[in-house]
**Q** 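Below you'll find the structure I mean.
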Amino acid sequence: MENSLINTLQMHFALLQNQPLTGGIVAKNLRITDNGSGELSLYGDFTITLKVLDLTTNGAPNLNSLMTFTQQVISNKLRGGGYKSGVIIHKYNSLQKKFDRTKTWTYSIRYNFNITVNVTQINMLSQLKGNDFVLAVVDSIGYQHTDQYGRRQSSAGLTQGDGGPATVSYSEWQKNKYFGVHEFFHTLGLDDIEDSSKKNRLMYHLGDNAGQIVSDTERGNMLNFLMTNIGDITQKNYANINLNTVTRLRTFLNNSTNGFKYNKAKFR
Amino acid sequence: MVSNTIKLSLGSLLVLLFFNCKNAEKRDKNVIKISTDTCRYYRYDAGQIISNLGCKNCHLSLNIEKIDDRGSTTFRGLAAMDSLKLIDYAFTKKHKGWYSKSGTLKSAKMDTLSKCEIKGVIRYIKDFGRDIPVAAQ
Ligand SMILES: [Zn+2]
């Protein structure tokens, strides 16, 4: 609670000082319209930044091309806006231009976001801030899970889910260039798919994956996630709250259950 | 520990029985898809239910605190709650009646969830707090 308060204050301070906002999600020119019959349209220019931290022992010579590929795929998959119906939130008061916390309402929401995606490499931990999104590249991941058919599956990447740090094994990433995007989309709130009739989906995470489709629903869910607290749309600009990224990444990497192998000298 | 588990199971059973009786008529028409014996947890399906109900629109999942700066319980806050309390608040009392058939949020159709689906939803919420990593390939 205190953390988000401090973060909000910092954000307002940055805006007052005319300092650029930073973080995984930075939005400008936010705007909302209400058509008066249950449909809200949200507008804004978003910059999503994923920081890539190379923790491999022997270096990752193909990292740049993998990052470029990842940037392009994320951009493509988030393009085109989105629509979600049956969204229950506080009632929007278009006269006062704010959400009324004493009333709830069921809306359809149109997301009209211009999204710019940055995938940038960082070399030092000091370049990672509390509200950044991170993808750590490691040597290997020992964690195994049992799929819904009872088969043991090894891991090419692991992510903590909604807003959390993501990791990918460099050797596996080279075999399948989409793994970086798959992991990052967990950070943006998507779940894994194991249904054998959906092997063509990007979020299908078993060995026989055969495609990279992101459904309209999934895109809508990610756009919804970018504006997690819809009340933020009434500000002109916005950056996501503190996620404790550095501490969470450290705890995640040190958790022996996950079986990460990486160059510890690069992560102090 | 043991007695807690027993209390929990008995409690859940009572709550779910109550829930089931109330919706018995509706359920018969649809033919029960899953019996309790074959109730299996599919993380994806539970996530879809949560997405369709829109739980995360109010209980924000990005937040690392249990309560956000608006004073609402975050998704992490839900995960830290006792399962029984979650079932009771979310499904039995249906959020102070908002989600009941005559409530303001009746369109969310919480009443159509089966026992098994409710169990799945609760497990999904509890797992969120445990930070179980999501595995790829
Ligand atoms: Zn995955």
**Q** Report the C-alpha distance between A:Glu39 and A:Arg110 in whole Å, list the side-chain angles of each, state the deciding distance to 0.1 Å, and finish with yes or no for salt bridge (Lys or Arg N to Asp or Glu O under 4.0 Å).
**A** CA-CA 7 Å; A:Glu39 186 177 294; A:Arg110 287 196 184 280; 3.0 Å; yes
**Q** Main chain of A:Gly211, side chain of A:Asn209: is a donor-acceptor contact present, judged purely on distance under 3.5 Å?
**A**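 Flag set: sc A:Asn209 to bb A:Gly211 pair under 3.5 Å.
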**Q** Hey, can you tell me if A:Tyr178 and A:Phe69 have their rings parallel, tilted or perpendicular (30° and 60° cut-offs)?
**A**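 Plane angle over 60°, so perpendicular.
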**Q** Looking at B:Tyr44, B:Tyr42, B:Tyr41, which has the largest count of heavy-atom pairs under 4.5 Å with chain A?
**A**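 Among the listed options, the one with the most contacts to chain A is B:Tyr44.
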**Q** Top residue by heavy-atom pair count (under 4.5 Å) with chain A, among B:Ser51, B:Gly47, B:Cys55?
**A** B:Ser51
**Q** Flag the pair A:Tyr204 / A:Ile213 as yes when at least one side-chain heavy-atom distance between them is below 4.5 Å, and no otherwise.
**A**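 A:Tyr204 does not reach A:Ile213 side chain to side chain.
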**Q** Give, as side chain, backbone, both or neither, the part of A:Lys175 having an atom under 4.5 angstrom from any heavy atom of chain B.
**A**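 Contact with chain B involves no heavy atom of A:Lys175 at all.
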**Q** Let me know if A:Asn229 has heavy atoms under 4.5 Å from chain B in its side chain, its backbone, both or neither.
**A**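 Interface part for A:Asn229: both.
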**Q** Start with the C-alpha distance between A:Phe260 and A:Tyr143, add both sets of side-chain angles, then the distance that settles side-chain contact (heavy atoms from CB on, under 4.5 Å), and finish with yes or no.
**A** CA-CA 8 Å; A:Phe260 288 116; A:Tyr143 180 84; over 6 Å; no
**Q** Given that the side chain runs from C-beta out, which part of A:Lys84 has a heavy atom under 4.5 Å from chain B: side chain, backbone, both or neither?
**A** side chain
**Q** Which region of A:Ile230, side chain (C-beta onward) or backbone (N, CA, C, O), has a non-hydrogen atom less than 4.5 Å from a non-hydrogen atom of chain B, or is it both or neither?
**A** neither
**Q** Is any side-chain heavy atom of B:Ser61 closer than 4.5 Å to one of B:Thr74?
**A** no
**Q** Measuring heavy-atom distances to chain B, does A:Asp195 have an atom under 4.5 Å in its side chain, in its backbone, in both, or in neither?
**A**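 Contact with chain B is absent: no heavy atom of A:Asp195 under 4.5 Å.
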